[in-house]
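Note that this is a predicted model, so its numbers are computed, not measured.
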Amino acid sequence: MSRLPVRSVDSAPEASRDALKVLEARVGRVLNLYGGIAHSPAVLHADAAVNEAITEHSSLDAATREAIALAVGAVNDCGYCQAAHTLVGRGAGLGDDQMLQIRRGDIEGDGRLAAIVAVAREAATDVGAVSDATWQAALEAGWSDTELGDAFASVAANLFTNYFNHFAGTELDLPPAPGTAT
């Protein structure tokens with residue numbers, strides 16, 4: 001059970017309402033994640049600002065950003081984010097089998113994607129640290145310094161919502177992501 005009741009646009013603090021309206025329009029409803037975050041205008045606006053900056057300025061395409069989100073959600077065992085990014089990942093062109101592989105950290109047939117997912121998984125697991133070998137493998141797979149920096153932004157943005165969901169006990173209001181057991 002969620003520790004924070006889900007706020008609607010009308011019941012959210014005044015300073016959260018405009019941002020919540022934008023999120024509601026994007027999805028068609030207020031998701032529990034955003035209805036929980038809306039309790040704190042600072043949290044809502046911080047999340048929105050980081051994600052807006054990533055969307056506008058990241059050198060990574062949507063599919064790569066979703067792959068990173070799925071990897072981080074899996075590392076942090078965030079069922080809510082895995083469910084949300086499974087839906088968004090499909091829209092970005094990721095296949096269901098591919099997304100399961102990303103969440104398991106065992107990507108077949110795409111060494112370039114596997115390399116950046118490995119960077120994201122290590123960063124999420126090891127408090128931002130990435131081994132020299134993993135970093136070098138990403139460079140050798142063709143990722144640039146800029147893209148690796150942008151990967152960090154995606155990792156950080158996803159840690160923010162993963163941690164919030166654990167913190168608040170956000171109830172899942174989306175179809176659950178398929179299991180990773182093989």
Peer 1: Could you please spell out the steps behind the side chain to side chain contact (heavy atoms under 4.5 Å, CB included) verdict for L23 and L31?
Peer 2: CA-CA 8 Å; L23 293 165; L31 295 175; over 6 Å; no

Peer 1: Taking T170's backbone N and O only, do any of them form a donor-acceptor pair with N165's side chain (distance below 3.5 Å, no angle check)?
Peer 2: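 Looks like no, no N/O pair under 3.5 Å.
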
Peer 1: Answer with yes or no whether the hydrophobic clustering places V43 together with V30; edges join I, L, V, M, F, W, Y residues whose side-chain heavy atoms lie under 4.5 Å apart.
Peer 2: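 V43 and V30: one cluster.
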
Peer 1: Check the pair D150, S59 against side-chain hydrogen bond (donor to acceptor under 3.5 Å, both in side chains), reporting the backbone distance first and the verdict last.
Peer 2: CA-CA 7 Å; D150 288 346; S59 60; 2.6 Å; yes

Peer 1: Here's a test for you: under side chain to side chain contact (heavy atoms under 4.5 Å, CB included), which of D97, L100, D96 qualifies with P178?
Peer 2: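 It is L100, the one option of D97, L100, D96 that forms the side chain to side chain contact (heavy atoms under 4.5 Å, CB included) with P178.
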
Peer 1: Please test R17 against L20 for side chain to side chain contact (heavy atoms under 4.5 Å, CB included), starting from the C-alpha separation and ending with a verdict.
Peer 2: CA-CA 5 Å; R17 290 182 184 166; L20 200 55; 5.6 Å; no

Peer 1: Rounded to the nearest 0.5 Å, what's the gap from OG on S40 to CZ on R7? Could you check?
Peer 2: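 These two atoms lie 12.0 Å from each other.
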
Peer 1: Enter the distance from F160:CZ to I37:CD1 here, rounded to the nearest 0.5 Å.
Peer 2: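 Spacing of CZ (F160) from CD1 (I37) equals 6.5 Å.
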
Peer 1: At what distance, to the nearest 0.5 angstrom, does CZ of R65 lie from CG of N158?
Peer 2: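 Reported to 0.5 Å precision, the distance equals 10.5 Å.
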
Peer 1: For A124 versus L159, what's the shortest heavy-atom pair and its separation?
Peer 2: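 Of all heavy-atom pairs spanning A124 and L159, the closest is CB-CD2, 4.3 Å.
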
Peer 1: Given D47 and Y34, is the side chain to side chain contact (heavy atoms under 4.5 Å, CB included) satisfied, shown in steps?
Peer 2: CA-CA 10 Å; D47 181 64; Y34 297 118; 3.5 Å; yes

Peer 1: Let me check something: do V6 and L33 share a hydrophobic cluster, defined by ILVMFWY side-chain heavy atoms less than 4.5 Å apart, either directly or through other members?
Peer 2: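 No.
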
Peer 1: Count I, L, V, M, F, W, Y as connected when their side-chain heavy atoms are under 4.5 Å apart, and connections chain through other members. Are V27 and V22 then in the same cluster?
Peer 2: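 Different hydrophobic clusters.
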
Peer 1: Work out which heavy atom in V130 is nearest to a heavy atom in W135; give both atom names and the distance.
Peer 2: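 Closest approach of V130 to W135: CG1-N, 4.0 Å.
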
Peer 1: Which value, rounded to the nearest 0.5 Å, describes the distance between H85 atom NE2 and M99 atom CE?
Peer 2: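 These two atoms lie 11.5 Å from each other.
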
Peer 1: Determine the minimum heavy-atom distance between A120 and V72, stating which atoms define it.
Peer 2: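 In terms of heavy atoms, the two residues are closest at O-CG2, 4.4 Å.
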
Peer 1: Is there a path from I116 to F152 through hydrophobic residues (I, L, V, M, F, W, Y) whose side chains come within less than 4.5 Å of each other?
Peer 2: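 No, I116 does not connect to F152 through the hydrophobic network.
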
Peer 1: Donor-acceptor pair, R121 side chain versus V75 backbone, under 3.5 Å?
Peer 2: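 Between the backbone of V75 and the side chain of R121 there is no qualifying donor-acceptor contact (under 3.5 Å).
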
Peer 1: For the backbone of T161 and the side chain of H166, can you confirm whether one donor and one acceptor N or O come within less than 3.5 Å of each other?
Peer 2: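 Answer holds: no.
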
Peer 1: Of all the heavy-atom pairs spanning L94 and A63, show the shortest one and how long it is.
Peer 2: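 Nearest heavy atoms, L94 then A63: CD1-O, 3.7 Å.
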
Peer 1: Does the pair R29/D173 count as a salt bridge with the N-to-O cut at 4.0 Å?
Peer 2: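 Looking at R29 and D173, the cut-off is met.
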
Peer 1: Indicate yes or no for a side-chain donor-acceptor contact from H45 to the backbone of A15 under 3.5 Å, with no hydrogens or angles considered.
Peer 2: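 Confirmed, H45 side chain pairs with A15 backbone.
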
Peer 1: If you round to the nearest 0.5 Å, how far is OG1 of T64 from CD of E147?
Peer 2: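 E147 CD to T64 OG1: 8.0 Å, rounded to 0.5 Å.
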
Peer 1: Donor-acceptor pair, E122 side chain versus V119 backbone, under 3.5 Å?
Peer 2: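 Checked: no pair found.
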
Peer 1: Determine yes or no for a side-chain-to-main-chain donor-acceptor pair under 3.5 angstrom, with E140 supplying the side chain and A137 the backbone.
Peer 2: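 Looks like no, no N/O pair under 3.5 Å.
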
Peer 1: Could you state whether Y163 and L4 fall into the same hydrophobic cluster, counting links through intermediate Ile, Leu, Val, Met, Phe, Trp or Tyr residues with side-chain heavy atoms under 4.5 angstrom apart?
Peer 2: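 Not linked; separate clusters.
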
Peer 1: Report yes or no: does S11 contribute a side-chain atom to a donor-acceptor pair with the main-chain N or O of S8 at less than 3.5 Å?
Peer 2: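 Checked: pair present.
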
Peer 1: Grab the two heavy atoms, one from P5 and one from H39, that are nearest each other, plus how far apart they are.
Peer 2: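 Heavy atoms only, the tightest pair is O-NE2, 2.5 Å.
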
Peer 1: How about S154 and I54: do any of their side-chain heavy atoms sit closer than 4.5 Å?
Peer 2: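 Of all side-chain heavy-atom pairs linking I54 with S154, at least one is under 4.5 Å.
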
Peer 1: Quick check for you: to the nearest 0.5 Å, what is the distance between I68 atom CD1 and L60 atom CG?
Peer 2: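 Here the interatomic distance stands at 5.0 Å.
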
Peer 1: Main chain of G142, side chain of R112: is a donor-acceptor contact present, judged purely on distance under 3.5 Å?
Peer 2: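 Checking the backbone N and O of G142 against the side chain of R112, a donor-acceptor pair under 3.5 Å is found.
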
Peer 1: Quick one: does any side-chain atom of Q101 pair with a main-chain N or O of E108 as donor and acceptor, under 3.5 Å?
Peer 2: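 Looks like yes, one N/O pair under 3.5 Å.
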
Peer 1: How close do A115 and A138 get, heavy atom to heavy atom, and via which atoms?
Peer 2: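 So the minimum-distance heavy-atom pair works out to CB-CA, 3.7 Å.
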
Peer 1: Run the salt-bridge test on E24 and K21 with the 4.0 Å N-O cut-off and return the result as yes or no.
Peer 2: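 The answer is no: the pair does not qualify as a salt bridge.
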
Peer 1: Short question: side chain of T86, backbone of Q82 - any donor-acceptor pair under 3.5 Å?
Peer 2: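 Yes, the answer is positive, given that a donor and an acceptor are paired below the 3.5 Å cut-off.
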
